[in-house]
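Below is one structure; the comments refer to it alone.
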Amino acid sequence: MSGGSSSDHNGAYQWGHTNNVEVLVSTTDAQARSGPGMSNTTTIAVQPPIMAPGRNDEIYVHLTGFNIPYAWYIIDDDNNKVDTVMTINNSATTTSETHTETFVLPPANYTILTIASALQSLINQALKSNTNFPANFQTNNVCTISYDTDTNKLTFHLDYTLFKVSASETITVTFNFGSGTQQAYRALGFTRQSYSFQANQSTTTDLTSAFQCNLFISNYIVIHSNFLTSNATTTEQGVAEGDSDILAMVPIMTPPFSFLTLDKTSTQVSHTRVRQKVVSSITIKITDENNRELDFNGSQWNIGLAFEIVTEAGRRGHAPGHIDLHRWKAIGSTTSQKRQRKT
């Protein structure tokens with residue numbers, strides 16, 4: 001259970017009025033240090049409960065503010081792996097030496113240059129440490145990864161002059177993005193399939209990113225709630241998926257290690273109807289738009305909510321310019337009856 005507080009600005013239930021209750025939801029220090037699945041979710045009890053006591057009363061909610069640190073890493077345990085097979089084939093003896101390894105990039109906020117450097121070091125270290133590969137590999141960095149700033153793509157290259165095996169031997173490095181989980185294919189400019197680059201004495205076949213490198217893994221933070229099931233959502237194929245628990249989607253417009261904020265004066269909020277008559281607890285979870293569990297790495301976050309309880313009589317006294325749908329339907333029905341009598 002995390003910290004939270006609420007305040008009712010209008011006291012007990014009053015027929016013909018609206019009651020406003022503000023709630024602050026925040027994570028505890030212990031939750032913040034608990035990793036993904038824990039640091040991005042919290043639950044508070046609401047005492048007394050927020051209630052819509054009348055049969056036709058309704059509850060609405062909107063954000064009043066939030067302070068969310070951009071503390072998660074671009075590359076983390078969800079997207080930091082590169083399944084790789086390194087093979088030396090000898091066409092003269094029809095033999096091969098194969099080494100399979102999953103390279104794991106340490107979680108961090110990489111740039112394209114630093115992620116290329118990190119993967120290059122991992123590949124060369126694997127080639128050096130495998131005693132089944134030629135002795136030349138033990139001292140030379142045969143793999144290089146370069147970055148083209150004009151295309152935003154990486155090129156993977158094997159320098160044959162540094163390992164000088166026989167003319168019949170070919171070294172091949174294959175990335176198996178298609179079969180593994182938690183793969184870093186998007187950051188490196190690839191998709192869900194296998195890619196290879198190789199070299200022998202006569203030819204060198206480089207590998208260039210199929211697409212632009214994409215380190216913008218998270219473009220939105222998504223605020224989920226347990227009391228909201230009124231927003232429709234669809235799958236990537238456009239198929240209706242039912243109700244959604246999404247309270248808000250916030251574009252990430254700040255750099256890592258800064259704060260995403262919203263204050264009470266913001267116009268970027270909307271009132272959303274709550275599909276419950278009683279709110280006795282509030283659970284908030286924060287993910288990105290791909291439903292990736294964000295790790296806040298020890299940083300706490302907080303979100304302010306305002307609940308509005310609208311009574312039946314309160315809805316009759318709408319603000320100027322508001323269309324009363326109940327009255328509109330009644331007028332439409334009366335007009336239709338008059339037309340029928342005339343005919």
Side-chain angles (χ1 to χ4, degrees), residues 74-75 79-215 217:
I74 295 172
I75 300 296
N79 60 355
N80 66 337
K81 295 176 176 56
V82 182
D83 286 347
T84 306
V85 177
M86 293 169 285
T87 306
I88 293 182
N89 290 309
N90 190 326
S91 59
T93 61
T94 65
T95 60
S96 65
E97 297 288 350
T98 300
H99 175 61
T100 301
E101 185 162 336
T102 296
F103 297 120
V104 179
L105 297 163
N109 282 324
Y110 292 91
T111 65
I112 299 298
L113 291 175
T114 58
I115 197 173
S117 177
L119 182 56
Q120 176 180 293
S121 296
L122 290 171
I123 293 174
N124 282 316
Q125 185 57 42
L127 291 172
K128 290 179 180 180
S129 61
N130 194 310
T131 57
N132 292 324
F133 288 167
N136 306 70
F137 286 26
Q138 311 305 312
T139 56
N140 295 310
N141 291 323
V142 299
C143 175
T144 58
I145 304 176
S146 58
Y147 175 61
D148 189 331
T149 56
D150 293 333
T151 62
N152 189 30
K153 293 183 178 182
L154 297 173
T155 296
F156 299 77
H157 174 75
L158 293 172
D159 189 347
Y160 182 80
T161 64
L162 294 177
F163 53 91
K164 295 180 180 177
V165 292
S166 67
S168 60
E169 292 181 319
T170 299
I171 179 173
T172 303
V173 177
T174 301
F175 298 142
N176 288 327
F177 294 129
S179 58
T181 59
Q182 302 166 312
Q183 298 290 300
Y185 62 92
R186 187 181 301 175
L188 300 174
F190 296 107
T191 188
R192 277 284 191 182
Q193 63 184 61
S194 296
Y195 300 88
S196 297
F197 55 108
Q198 61 182 222
N200 57 32
Q201 276 190 348
S202 58
T203 60
T204 298
T205 304
D206 292 343
L207 171 65
T208 300
S209 302
F211 305 95
Q212 292 189 41
C213 298
N214 181 11
L215 287 178
I217 307 301

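Along the sequence shown, residues are numbered consecutively beginning with 1.
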I would like to know whether Thr155 and Asp206 meet side chain to side chain donor-acceptor pair (under 3.5 Å); could you show each step before the answer? CA-CA 7 Å; Thr155 296; Asp206 292 343; over 6 Å; no
Identify the two heavy atoms, one from [X] and one from [Y], that lie closest to each other, and give their separation to 0.1 Å.
X: Leu122; Y: Val104; result: CD1-O, 3.7 Å
X: Glu101; Y: Ala126; result: OE1-CB, 3.6 Å
X: Ala187; Y: Cys213; result: O-CB, 3.3 Å

Answer whether the closest heavy-atom distance between the side chains of [X] and [Y] falls below 4.5 Å.
X: Phe211; Y: Thr191; answer: yes
X: Thr172; Y: Phe197; answer: no
X: Thr84; Y: Ile123; answer: no
X: Asn79; Y: Gln183; answer: no
X: Leu119; Y: Val82; answer: yes
X: Ile171; Y: Met86; answer: no
X: Leu188; Y: Phe177; answer: yes

How long is the gap from [atom1] on [X] to [atom2] on [Y], to the nearest 0.5 Å?
X: Phe103; Y: Asp83; atom1: CZ; atom2: CG; answer: 10.0 Å
X: Ile75; Y: Gln182; atom1: CD1; atom2: CD; answer: 12.0 Å
X: Asn124; Y: Cys143; atom1: CG; atom2: SG; answer: 5.5 Å
X: Asp148; Y: Gln212; atom1: CG; atom2: CD; answer: 10.5 Å
X: Thr208; Y: His157; atom1: OG1; atom2: NE2; answer: 11.5 Å
X: Gln120; Y: Leu154; atom1: CD; atom2: CG; answer: 10.5 Å

Check: Glu97/His99 side-chain N/O donor and acceptor closer than 3.5 Å: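 No.
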Do Asn152 and Tyr147 have a side chain donor and acceptor closer than 3.5 Å?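 Yes, side-chain donor-acceptor contact under 3.5 Å.
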Quick one: do Thr114 and Thr111 satisfy side chain to side chain donor-acceptor pair (under 3.5 Å)? Show the steps, please. CA-CA 5 Å; Thr114 58; Thr111 65; 3.2 Å; yes
Parallel, tilted or perpendicular: ring planes of Phe190 versus Tyr195, cut at 30 and 60 degrees: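 Aromatic pair Phe190/Tyr195 classed tilted.
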Donor-acceptor pair, side chain of [X] and main chain of [Y], under 3.5 angstrom:
X: Ser129; Y: Gln125; answer: yes
X: Asp159; Y: Thr161; answer: yes
X: Asn200; Y: Ser202; answer: yes

Run Thr87 and Thr174 through side-chain contact (heavy atoms from CB on, under 4.5 Å) and show every step you take. CA-CA 8 Å; Thr87 306; Thr174 301; over 6 Å; no
Please step through side-chain contact (heavy atoms from CB on, under 4.5 Å) for the pair Leu215 and Ile217, ending with a clear verdict. CA-CA 5 Å; Leu215 287 178; Ile217 307 301; 5.5 Å; no
Does Phe175 have its ring centroid less than 6.0 Å away from the ring centroid of Tyr185?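 No, they do not, as the ring centres are separated by 6.0 Å or more.
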Criterion side chain to side chain donor-acceptor pair (under 3.5 Å) on Asn140 and Lys128, from CA distance to verdict: CA-CA 8 Å; Asn140 295 310; Lys128 290 179 180 180; over 6 Å; no
Leu158 and Val173: side-chain contact (heavy atoms from CB on, under 4.5 Å), yes or no, with the steps? CA-CA 9 Å; Leu158 293 172; Val173 177; 4.1 Å; yes
